[in-house]
S.K.: 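For reference, the structure I am asking about is given below.
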Amino acid sequence: MWLNSAPGALLLVTPLTRSLFEHSCLANNYYGQVLDGNQVKTVFIPSEACFDAVASEAFTDTAALMQASHPIQQLVWVEQAAVDPGLLETAGYFEFDNFMDRLKTVALAKRQQEPIIPPSSPMDTGYEVLYLSQTAALLSVSSATAMTIDTLLPRFWKSTLLPTSPVDFIEVPEEALKHVKSVLATLTFNPEVASIVESISVPQLINDIRFLTGEDEVSGIVSRHSFSEGSRVAAKWLKARFEDTGASCELQPFLSGFTPNVVCSYPSAVESNSTIIYSAHYDSRGSFGSVRAPGGDDDGSGTIAILALARTIARRGIKFHSNVQLVAFGGEEQGLLGSRAYARKLREANTNVTLMIQADMLGYHAQDEPPQIGLPASIGTPEVAQLVANISTLYSPELRVGYTAACCSDHQSFHEQGFPATQVFERAGPIVDPMYHNSGDLSDREGYDFGQIKSIAKVQLASLLHTAGYEVSE
Ligand SMILES: *[C@@H]1O[C@H](CO)[C@@H](O)[C@H](O)[C@H]1NC(C)=O
Ligand SMILES: *[C@@H]1O[C@H](CO)[C@@H](O)[C@H](O)[C@H]1NC(C)=O
Ligand SMILES: *[C@@H]1O[C@H](CO)[C@@H](O)[C@H](O)[C@H]1NC(C)=O
Ligand SMILES: [Zn+2]
């Protein structure tokens with residue numbers, strides 16, 4: 001599939017500025033937002049005439065304009081994750097060169113298998129680097145290479161696929177924030193909520209993670225990488241466990257070869273079209289070249305937290321006054337693919353999503369740090385982050401609350417569709433987990449703190465009870 005079969009297309013990568021979207025020729029050629037260091041940037045593929053017309057505004061000193069030499073294939077944005085400088089020293093930027101070598105080898109091999117390059121094209125490597133900064137790059141690669149690029153990336157880099165045709169720039173409308181704002185404005189401590197969230201079981205969290213990582217030596221899971229056998233075992237197991245708690249679950253495939261999304265629903269006990277979503281991703285990534293990807297922290301920890309919500313909902317006989325969904329996404333590590341498909345589907349169905357909170361990496365904190373909760377500094381809905389922060393103060397005062405540059409898990413997919421969304425993360429700062437994207441990401445290790453996972457799960461459940469409304473039927 002060719003995004004633009006003619007060589008010479010212009011690509012503009014520029015900081016997110018709302019006024020740019022007032023030019024219809026840019027708005028109609030918009031390909032999404034990405035993160036470069038701490039800065040949110042937008043990607044456009046404007047015509048030359050369009051660019052000439054808007055150049056004075058669009059081409060600032062922090063913008064980049066490139067001309068592709070070859071037909072554009074699948075666009076992939078790769079970026080360095082927000083990793084603590086101390087941890088980064090162990091890897092570093094030079095790893096990026098090794099990645100480019102690997103990419104060249106793979107892209108060439110794939111090109112020889114399927115000669116998809118038009119004869120007129122001078123392209124000889126099967127890929128093109130369109131943009132490169134210290135913290136990010138924009139690549140054009142075949143779609144086959146794009147789907148597996150996570151297996152080539154340096155450890156602290158991650159990738160996201162840009163759409164194959166222009167998309168609408170959608171902001172979260174004021175109307176959609178009303179519910180979150182009114183809950184925030186009237187928020188007070190509720191002792192019943194406190195007692196419910198306090199009953200989240202740590203021994204159960206431990207059992208659940210040991211199944212997902214294979215540490216229990218019963219599940220047989222070696223990896224939950226999106227294409228692995230273990231991810232299928234995990235999907236079926238998650239569906240069954242959520243169903244044990246009274247939810248109706250579906251395995252929803254979104255792309256051939258990928259492990260499906262596990263979507264579990266609790267219908268509202270009263271008339272309501274409001275839908276509230278709590279999610280995590282259950283796929284994982286291991287060390288370069290290793291088949292092991294236990295994903296104990298990333299994102300087994302978020303997955304067991306939403307399962308803990310389900311188990312507590314069942315144990316306490318809770319019925320909600322909104323439709324509630326607990327979702328475990330697949331394909332996150334290949335670029336938010338499962339959640340993109342699901343958020344788009346909800347948008348097309350005009351679903352009234354009043355809140356979405358993704359839990360990604362809840363388990364790790366450094367030895368000399370207190371337990372904490374981090375909220376995304378850049379991509380996400382500030383009002384939702386504020387609600388989570390205030391709920392945290394009420395129900396998990398043991399947590400230090402702050403913001404993190406670590407970004408862009410599955411909540412980005414919902415935020416991009418105009419749904420109020422945020423993420424909860426293990427640290428009020430960049431990533432310090434030494435086992436991040438590593439085959440040693442097990443739960444039984446120093447720094448992996450089940451107490452912190454429980455504290456964050458308490459915040460998730462308390463915010464769910466406060467925003468959905470509920471009754472206890474015992
Ligand atoms: C949320 O918490 C902050 C900090 O404690 C406080 O200043 C603010 O008033 C709270 N917001 C609401 C709406 O209660
Ligand atoms: C949801 O229900 C409200 C009434 O509670 C109604 O005004 C609104 O149109 C409904 N929205 C959708 C998307 O069905
Ligand atoms: C969505 O649900 C909320 C909460 O029930 C309701 O107040 C709001 O009117 C609904 N919005 C739409 C567009 O249906
Ligand atoms: Zn993750």
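Only heavy atoms go into these numbers, but all of them, side chains included; no hydrogens, no water, no symmetry mates.
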S.K.: Would you mind listing every ring pair (Phe, Tyr, Trp, His ring centres under 6.0 Å) that reaches into residues 414-436, with sequence neighbours excluded?
M.R.: none

S.K.: Does a side-chain N-to-carboxylate-O contact under 4.0 Å join Arg210 and Glu217?
M.R.: no

S.K.: Going by heavy atoms in the side chains, are Ile149 and Leu139 under 4.5 Å from each other?
M.R.: yes

S.K.: Between Gln460 and Ala359 (side chain of the first, backbone of the second, donor and acceptor by atom type, cut-off under 3.5 Å), is there such a pair?
M.R.: no

S.K.: Could you tell me if the ring centre of Tyr30 sits under 6.0 Å from that of Phe44?
M.R.: yes

S.K.: Salt bridge between Glu332 and Arg285, side-chain N to carboxylate O under 4.0 Å?
M.R.: no

S.K.: Please check if the side chain of Asp168 supplies one atom and the backbone of Ile170 the other of a donor-acceptor pair under 3.5 Å.
M.R.: no

S.K.: Run the side chain to side chain contact (heavy atoms under 4.5 Å, CB included) test on Val353 and Ile276 for me, step by step, so that the C-alpha distance in whole Å, both residues' side-chain angles and the decisive distance to 0.1 Å come before the verdict.
M.R.: CA-CA 6 Å; Val353 177; Ile276 294 180; over 6 Å; no

S.K.: With no hydrogens and no angle check, just 3.5 Å: does a side-chain donor-acceptor pair link Gln358 and Ser279?
M.R.: yes

S.K.: So that I know where these two stand, are Trp157 and Phe99 an aromatic pair - ring centroids less than 6.0 Å apart?
M.R.: no

S.K.: Could you tell me which non-hydrogen atom of Val324 sits nearest to which non-hydrogen atom of Ala468, and how far apart they are?
M.R.: CG2-CB, 4.1 Å

S.K.: Counting N and O atoms only, with roles assigned by atom type, does the side chain of Thr245 sit under 3.5 Å from a partner on the main chain of Ala314, one being a donor and the other an acceptor?
M.R.: no

S.K.: Do His365 and Tyr448 have side-chain N/O donor and acceptor atoms under 3.5 Å apart?
M.R.: no

S.K.: Taking Glu250 first and then Lys239, would you say they form a salt bridge - that is, a charged N and a carboxylate O separated by under 4.0 Å?
M.R.: no

S.K.: Tell me whether the centres of the aromatic rings in Tyr470 and Phe320 are closer together than 6.0 Å.
M.R.: no

S.K.: Cut-off 3.5 Å, side chains only: do Tyr364 and Glu369 have a donor facing an acceptor?
M.R.: no

S.K.: Please check if atom CG in Asn38 has more than 12 non-hydrogen atoms from other residues, nucleotides or ligands closer than 6.0 Å.
M.R.: no

S.K.: Would you check if Gln252 and Lys345 make a side-chain contact, meaning some heavy-atom pair closer than 4.5 Å?
M.R.: yes

S.K.: Under the side-chain hydrogen bond (donor to acceptor under 3.5 Å, both in side chains) criterion, do Asp410 and His281 qualify, and how do the steps go?
M.R.: CA-CA 8 Å; Asp410 292 312; His281 72 87; 5.5 Å; no

S.K.: Could you pull out the closest heavy-atom pair between Tyr278 and Ser463, with the gap in Å?
M.R.: OH-OG, 2.7 Å

S.K.: Is there a side-chain hydrogen bond (donor to acceptor under 3.5 Å, both in side chains) between His225 and Asp283? Walk through the geometry before answering.
M.R.: CA-CA 5 Å; His225 187 277; Asp283 68 311; over 6 Å; no

S.K.: Would you call the rings of Phe21 and Phe169 parallel, tilted or perpendicular if under 30° counts as parallel and over 60° as perpendicular?
M.R.: parallel

S.K.: How long is the gap from CD1 on Ile209 to CD1 on Ile304, to the nearest 0.5 Å?
M.R.: 4.5 Å

S.K.: Ignoring hydrogens and angles, tell me if any N or O in the side chain of Ser231 forms a donor-acceptor pair with the backbone of Arg224 under 3.5 Å.
M.R.: no

S.K.: Is Lys41 salt-bridged to Asp36, cutoff N-O under 4.0 Å?
M.R.: yes

S.K.: Please report the C-alpha distance between Arg311 and Asp208 in whole Å, then the side-chain angles of each, then the deciding distance to 0.1 Å, and finally whether the salt bridge (charged side-chain N to carboxylate O under 4.0 Å, His left out) criterion is met.
M.R.: CA-CA 11 Å; Arg311 293 187 187 281; Asp208 289 341; 2.9 Å; yes

S.K.: Out of curiosity, Lys458 NZ to Ser396 OG, how far, rounded to the nearest 0.5 Å?
M.R.: 4.0 Å

S.K.: For a 4.5 angstrom cut-off between non-hydrogen side-chain atoms, does Glu192 reach Ile196?
M.R.: yes

S.K.: Using 0.5 Å steps for rounding, measure from the CZ atom of Arg241 to the SG atom of Cys264.
M.R.: 11.5 Å

S.K.: Could you walk me through whether Glu198 and Lys454 pass salt bridge (charged side-chain N to carboxylate O under 4.0 Å, His left out), step by step?
M.R.: CA-CA 9 Å; Glu198 206 49 64; Lys454 173 172 174 174; 3.5 Å; yes

S.K.: Kindly say whether the aromatic ring centers of Phe258 and Phe329 come within a distance under 6.0 Å.
M.R.: no

S.K.: Between the side chains of Ser455 and Glu398, does any donor sit under 3.5 Å from an acceptor?
M.R.: yes

S.K.: Looking only at non-hydrogen atoms, find the nearest pair between Val384 and Ala421 and report the distance.
M.R.: CG2-N, 3.9 Å

S.K.: Quick one: do Arg316 and Ser195 satisfy side-chain hydrogen bond (donor to acceptor under 3.5 Å, both in side chains)? Show the steps, please.
M.R.: CA-CA 10 Å; Arg316 303 296 292 240; Ser195 132; 2.9 Å; yes

S.K.: Which heavy atom of Tyr282 sits nearest a heavy atom of Val262, and at what distance?
M.R.: CE2-CG2, 3.9 Å

S.K.: Any side-chain heavy atom of Arg292 sitting closer than 4.5 Å to one from Leu442?
M.R.: yes

S.K.: Determine yes or no for a side-chain-to-main-chain donor-acceptor pair under 3.5 angstrom, with Arg344 supplying the side chain and Gln417 the backbone.
M.R.: no

S.K.: Are a donor atom and an acceptor atom from the side chains of Thr354 and Ser274 found within less than 3.5 Å of each other?
M.R.: yes

S.K.: Should Gln80 and Lys158 be marked as a side-chain hydrogen bond (donor to acceptor under 3.5 Å, both in side chains) after you check the CA-CA gap, both sets of side-chain angles, and the distance that decides it?
M.R.: CA-CA 6 Å; Gln80 191 172 63; Lys158 50 189 205 167; over 6 Å; no

S.K.: If you define the side chain from C-beta out and look only at heavy atoms, does anything of Phe211 sit under 4.5 Å from Ile221?
M.R.: yes

S.K.: Quick one: which of Asp150, Thr160, Thr151 gives a side-chain hydrogen bond (donor to acceptor under 3.5 Å, both in side chains) with Gln334?
M.R.: Asp150

S.K.: Could you check whether Asp297 and Ser301, counting side-chain N and O atoms only, form a donor-acceptor pair closer than 3.5 Å?
M.R.: yes

S.K.: Examine the side chains of Ser287 and Arg155 and answer whether a donor and an acceptor come within less than 3.5 Å of each other.
M.R.: no

S.K.: With no hydrogens and no angle check, is any side-chain donor or acceptor of Asn438 less than 3.5 Å from a backbone partner on Asp441?
M.R.: no

S.K.: Can you tell me how far OG1 of Thr186 sits from NE2 of His466, rounded to the nearest 0.5 angstrom?
M.R.: 9.0 Å

S.K.: Before accepting this row, confirm whether a basic side-chain N of the pair Glu174/Lys181 lies closer than 4.0 Å to the acidic partner's carboxylate O.
M.R.: yes

S.K.: Do the side-chain N and O atoms of Gln325 and Thr275 include a donor-acceptor pair separated by under 3.5 angstrom?
M.R.: no

S.K.: If you measure only the distance, is there a donor-acceptor pair under 3.5 Å linking the side chains of Thr381 and Glu383?
M.R.: no

S.K.: Say you draw a straight line from CG of Leu375 to CD of Gln386; how long is it, rounded to the nearest 0.5 Å?
M.R.: 9.0 Å

S.K.: Working to the nearest 0.5 angstrom, can you tell me the gap between Asp298 CG and Glu426 CD?
M.R.: 8.5 Å

S.K.: For the residue pair Ser223 and Val291, establish whether any side-chain heavy-atom pair is separated by less than 4.5 Å.
M.R.: no

S.K.: Could you report the tightest heavy-atom contact between Val401 and Ala428, atom names first, then the distance?
M.R.: C-CB, 4.5 Å

S.K.: Under the 3.5 angstrom rule, does the side chain of Thr42 hit a backbone N or O of Thr14 as a donor-acceptor pair?
M.R.: yes

S.K.: Taking the side chain from Thr17 and the backbone from Ser19, do they hold a donor-acceptor pair closer than 3.5 Å?
M.R.: no

S.K.: Mind listing the closest non-hydrogen atom pair of Asn323 and Ser268 along with its distance?
M.R.: OD1-N, 3.1 Å

